[in-house]
Amino acid sequence: ISRIEKLDPDLIICTGDMVDSDNADISRVETLGKALSKVAPLYYVYGNNEVLNTYGFSFDKPVLQEKLDGTDIKELEDSLDDKLEKAGYKVLKNGMDTITVGTTKIDVHGVLTSNPSAFWDYSGESFGDYLYSDADHLKITAIHEPFIFEEFEPDSWGDLMLCGHTHGGEIQVPVLGPLYTREG
């Protein structure tokens, strides 16, 4: 926390897997959120671990089709969201928030269904609304699984894409592409 405070960030974005899929205890995540939300606007995007812990099933397309049966994904019961919001996080689930830093308007969009099989069906509409409105805003896309960037090439993902899932890292260099992921 003290290292982050010294950096004096304009915003902080957590891209998931801060909650273990096998352990519902989020006290450390809550403590972190309470401290970091005093430093800068704090955003949270669910990873596959939060999804499994919260909903009890993965968010790939076949499973979602079976479980949702026509229900909007945002209507699924979610006890984690309230806890994170109370701890100071703004949870983005296929949604966007706009902040102003200096004179720059920034749209932060968080994707809930980052599994490539489910992205367009369950996140595509909200992503399009975010991407193509207010073109003069800086666009930051926060998504958990980076595989979506390998599978789809839309006109744009925004100005900056942040992802998690790789547990310490993916490094992607322009022209050369990805150099390392935890999957190899």
Criterion side chain to side chain contact (heavy atoms under 4.5 Å, CB included) on L11 and I106, from CA distance to verdict: CA-CA 10 Å; L11 67 141; I106 302 172; 4.2 Å; yes
Residues L80, N53; criterion side chain to side chain contact (heavy atoms under 4.5 Å, CB included); working and verdict: CA-CA 9 Å; L80 179 61; N53 187 296; 5.9 Å; no
Full working for side chain to side chain contact (heavy atoms under 4.5 Å, CB included) between C14 and Y89: CA-CA 9 Å; C14 303; Y89 297 93; 4.0 Å; yes
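Judged as a salt bridge (Lys or Arg N to Asp or Glu O under 4.0 Å), and not counting sequence neighbours, the contacts of D121 are K61. Take D129 and apply the side-chain contact (heavy atoms from CB on, under 4.5 Å) test, not counting sequence neighbours, and it matches E125. Residues satisfying the side chain to side chain donor-acceptor pair (under 3.5 Å) test with S133, not counting sequence neighbours, are none. Partners of D97 according to the side chain to side chain donor-acceptor pair (under 3.5 Å) rule, which considers only residues two or more places apart in sequence or in another chain, are Y43. K90 meets the salt bridge (Lys or Arg N to Asp or Glu O under 4.0 Å) test with no other residue; sequence neighbours excluded. Taking S37 as the reference, L42 meet the side-chain contact (heavy atoms from CB on, under 4.5 Å) condition, with sequence neighbours excluded.
The distance from the CG atom of L84 to the CD atom of E30 is 7.5 Å, given to the nearest 0.5 Å. With rounding to the nearest 0.5 Å, the separation of CD1 in I148 from CD1 in I143 is 4.0 Å. The distance from atom NZ of K93 to atom CG of L76, rounded to the nearest 0.5 Å, is 8.0 Å. Taking CG of L52 as the start and OG of S58 as the end, the distance is 6.5 Å to the nearest 0.5 Å. Separating the OG1 atom in T104 from the CG atom in L138 is a distance of 7.0 Å, to the nearest 0.5 Å. We find the CG-CG distance between D17 and N49 to be 4.0 Å, quoted to the nearest 0.5 Å.
Here the closest non-hydrogen pair linking P41 and I99 is CG-CD1, 4.3 Å. Here the closest heavy-atom approach between residue I13 and residue A142 is recorded as CG2-CB, 3.7 Å. The shortest heavy-atom contact between V39 and P9 is CG1-CD, 3.7 Å. Heavy atoms only, all atoms of each residue included: T54 and S79 are closest at CG2-N, 4.4 Å.
Under the 4.5 Å side-chain heavy-atom criterion for Ile, Leu, Val, Met, Phe, Trp and Tyr, Y132 and W120 are members of the same hydrophobic cluster. Hydrophobic clustering of Ile, Leu, Val, Met, Phe, Trp and Tyr side chains at less than 4.5 Å, counting indirect connections, unites W157 with L131. If you chain together hydrophobic residues whose side chains sit under 4.5 Å apart, M18 and V91 fall into the same group. In the hydrophobic clustering of this structure, M161 does not group with V108; members are Ile, Leu, Val, Met, Phe, Trp, Tyr whose side-chain heavy atoms approach within less than 4.5 Å, directly or through other members. There is a path of hydrophobic side-chain contacts, each under 4.5 Å, that joins I26 to L112.
Between Y46 and H144 there is no side-chain heavy-atom pair separated by less than 4.5 Å. Looking only at side-chain heavy atoms (C-beta outward), H165 and N48 come within less than 4.5 Å of each other. Counting heavy atoms from C-beta outward, V29 and T31 have side chains that stay 4.5 Å or more apart. Residues T113 and N94 have side chains in contact (heavy-atom distance under 4.5 Å, counting atoms from C-beta outward). Between L92 and M96, the closest side-chain pair of non-hydrogen atoms is not below 4.5 Å.
At most 12 heavy atoms of other shown residues, nucleotides or ligands fall within 6.0 angstrom of atom CG in D69.
Using a distance-only test at 3.5 Å, with no hydrogens or angles considered, a donor-acceptor pair links the side chain of T71 to the main chain of L68. A distance-only check finds a donor-acceptor pair linking the side chain of E145 to the backbone of N115 [under 3.5 Å]. The closest donor-acceptor contact from the side chain of S126 to the backbone of S123 lies under 3.5 Å. A donor-acceptor pair under 3.5 Å is absent between the side-chain atoms of D134 and the main chain of H137, judged by distance alone.
Shown are D107, T141, T98; of these, the side chain to side chain donor-acceptor pair (under 3.5 Å) with Y130 is made only by T141. The residue from F57, Y55, F59 that alone fulfils the side chain to side chain contact (heavy atoms under 4.5 Å, CB included) condition with K67 is F57.
Defined by atom type and a distance below 3.5 Å, a donor-acceptor pair is present between the side-chain atoms of E50 and Y44.
Classification of D136 and K105 as a salt-bridged pair fails, no side-chain N sitting under 4.0 Å from a carboxylate O.
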